[in-house]
Amino acid sequence: MSVVHELSPGWLLDHLAFINKISYELHQHHEPCCSKSRPTSSVHLDSLHMDSVSSFGASATFVPSTSKPESDDRGNCEMFIQKYVFRSELFDISKPYITSANHKECQESKEKEDLVNDVKKEIFISINGKKRKRCVAFNQGELDAMEYHRKIRGLILDGSSQLIQEGLTSGFLHSCSEKPNKCSEPITLPLDTCNLSELCEMAKHLPSLNETELQTLQLMEDDTSVTEQDLFSRIVENTSGFTKIITLMGQKYLLPPKSSFLLSDISCMHPLLNCKKTYDVIVIDPPWQNKSVKRSNRYSYLSPLQIKQIPVPKLAAPSCLVVTWVTNRQKHLRFVKEELYPSWSVEVVAEWHWVKITSSGEFVFPLDSPHKKPYEGLILGRVREKAALLLRNADVKELPIPDHKLIVSVPCTLHSHKPPLAEVLKDYIKPEGECLELFARNLQPGWTSWGNEVLKFQHMDYFVALKSKS
């Protein structure tokens, strides 16, 4: 369970535990025995292998680890189960990014700097005989942000305090002083040298599949040959009960059991639509435009107009729950509530908050920091156009969603690795409902994930292999 504690304000989550409860187990035959009757060029470890960037259009071979023996000589092969766990140090945040003391020091320094500047300005103005009192002006966006923070500050502080205290009492959270050796250890992040978004761009030059062709590629138990064209133009499904590995441009990715994904950008979403499947919950984490993103070439972003063009109405089932992650910019919050959701016939029903804390229970940023806040928002809505027809059925009961719930967790050090929502949303969607995540960067069992970086956090470098014999 990713939910460690549930109280009236919300939930205290363990993101790392959620990842590791997924059965990341690779079933493989012992190499010396099983390779006797295989060609030496076969690809092992249940992988889809692509040789190089220049090999687009060449075929790739998918070889399941549980394929049946080709001869009696393989009947005595030993089966090994290799288990993988997510690297725990990627959640080792024991101290705030900015401490309250540092924050206060920065504020005092800024005030001194402002005071010096004021004196210089007053001296300059007095020379011209036009001395006047300096007026500090905020733009409208800053004023809106301050007003929004003022409204939700109390509920964030009080609700988080209750959940954090519960975590400290149970031992889930620990004071930093209890683990002095870990508080200052630097974290070395793995390097993912495979740029998935660039691969999606390259894939646009591949021949398009016929619209009448099957839009889903199931990784079956039998040996199957597929091409790169298949991977970039179809939903890939791991329908088995164990983990599979695909190798893409020399980089390996783990596919959890019962998961599916489409690797593409917003211009190539048609395989999702052509499957004629609708979803009961759709979680969206748009690449919002902001100043830091515009200054950096590392991340792409979408304009509000592009986000509105996402075909949510065609993907949503009746009474679908739509959840959108939103930054703290009031411009984005207003856009989702006043433009985006209405354009999709989605009614806003609640606003939740993700509060980011350290493993010792402190906010990762000072709560009142004018620059970065320790929380982000989620806007929850229901598709109402279809829901009106569905709710005519007396058997259909829709549980109301409470407003301003808190999701409190230690964040991952990886950029945009959001906490899982499956367990906190389960009471508000029908059992065994179809789930979809848009702009995903990782996979989950029971979910379909889409995005141009959909395999990013499934990279093998983010996991540790634990090998055991079955």
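Nothing fancy with the numbering, it's 1 onward along the sequence. What you see is a predicted model, and the numbers here were worked out from it, not measured in a lab.
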Evaluate Ser170 against His5 for side-chain hydrogen bond (donor to acceptor under 3.5 Å, both in side chains), listing each step before the verdict.
CA-CA 9 Å; Ser170 68; His5 297 292; 2.8 Å; yes
Show your reasoning for whether side-chain hydrogen bond (donor to acceptor under 3.5 Å, both in side chains) applies to Gln458 and Tyr24.
CA-CA 11 Å; Gln458 300 303 133; Tyr24 280 111; 3.0 Å; yes
Kindly indicate, with the supporting measurements, whether the criterion side chain to side chain contact (heavy atoms under 4.5 Å, CB included) is fulfilled by Leu305 and Gln309.
CA-CA 7 Å; Leu305 179 60; Gln309 291 172 348; 4.1 Å; yes
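Within the 4.5 Å cutoff, no side-chain heavy atoms of Trp450 are placed close to those of Ile235. In this structure the side chain of Phe335 reaches within 4.5 angstrom of the side chain of Trp288, judged on heavy atoms. Two residues are said to be in side-chain contact when any heavy atoms from C-beta on lie closer than 4.5 Å; Ile246 and Leu254 fail this criterion. Within the 4.5 Å cutoff, side-chain heavy atoms of His15 are placed close to those of Pro420. Between Thr448 and Tyr279 the shortest side-chain heavy-atom distance falls below 4.5 Å. For the pair Val364 and Pro96, the minimum side-chain heavy-atom distance is 4.5 Å or more. Contact annotation: the side chain of Leu13 never approaches that of Val4 to less than 4.5 Å [non-hydrogen atoms, C-beta and beyond]. Side chains of Phe172 and Glu166 form no contact here, defined as non-hydrogen atoms less than 4.5 Å apart.
Remark: side-chain polar atoms of Ser369 are not paired, donor with acceptor, to backbone N or O of Lys373 under 3.5 angstrom. Side chain of Thr243 to backbone of Glu25: a donor-acceptor contact under 3.5 angstrom is found. Listed for the Thr358 side chain is a donor-acceptor partner under 3.5 Å among the backbone atoms of Ser360. At least one donor-acceptor pair closer than 3.5 Å links the side chain of Glu142 to the backbone N or O of Asn139. One N or O on the side chain of Thr413 and one on the backbone of Leu90 form a donor-acceptor pair closer than 3.5 Å. At least one donor-acceptor pair closer than 3.5 Å links the side chain of Trp352 to the backbone N or O of Pro402. With Tyr84 contributing its side chain and Met460 its backbone, the two residues share no donor-acceptor pair below 3.5 Å. Checked by atom type and distance alone, the side chain of Thr169 pairs as donor or acceptor with a backbone atom of Gln165 at under 3.5 Å. The closest donor-acceptor contact from the side chain of Lys356 to the backbone of Cys412 lies at 3.5 Å or more, if one exists at all. The closest donor-acceptor contact from the side chain of Ser160 to the backbone of Leu157 lies at 3.5 Å or more, if one exists at all.
In plain terms, the two heavy atoms of Ile282 and Cys320 that are nearest each other are CG1-SG, 3.8 Å. Closest approach of Ile401 and Ala350 over heavy atoms only: CG2-CB, 3.8 Å. Summarising the geometry of Leu255 relative to Asn238, their closest heavy-atom pair is O-ND2, 3.2 Å, with the distance given to 0.1 Å. Annotation for Ile407 and Trp354: closest pair O-CD1, 3.1 Å, computed over non-hydrogen atoms. The heavy-atom pair separating Tyr462 from Lys456 by the smallest distance is CE1-O, 3.2 Å. Closest heavy-atom contact between Trp344 and Ile284: CZ3-CD1, 3.7 Å.
A salt bridge is absent between Lys426 and Glu423; no separation between the charged side-chain nitrogens and carboxylate oxygens falls under 4.0 Å. The pair Arg382-Glu347 does not count as a salt bridge, with every side-chain nitrogen at least 4.0 angstrom from each carboxylate oxygen. Ion pairing between Arg153 and Asp368 holds under the 4.0 Å rule for side-chain N and carboxylate O.
In this structure, Gln289 CD and Thr327 OG1 are separated by 11.0 Å, a value rounded to the nearest 0.5 Å. Here the straight-line distance linking atom CG of Asn328 with atom CG of Leu333 works out to 7.0 Å at 0.5 Å rounding.
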Under 3.5 Å donor-acceptor pairs involving side-chain atoms of residues 427-445, not counting sequence neighbours:
from: Arg441; atom 1: NH1; to: Asp285; atom 2: OD2; distance (Å): 3.2

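There is no side-chain donor-acceptor pair under 3.5 Å between Glu376 and His353. The closest side-chain donor-acceptor pair between Thr324 and Tyr341 falls under 3.5 angstrom.
For Lys337, the salt bridge (Lys or Arg N to Asp or Glu O under 4.0 Å) partners are Glu351, not counting sequence neighbours. With sequence neighbours excluded, the residues that form a salt bridge (Lys or Arg N to Asp or Glu O under 4.0 Å) with Asp144 are Arg334.
Remark: Lys418 qualifies as a cation-pi partner of Trp325 under the 6.0 Å distance and 45° angle criteria applied to the six-membered ring.
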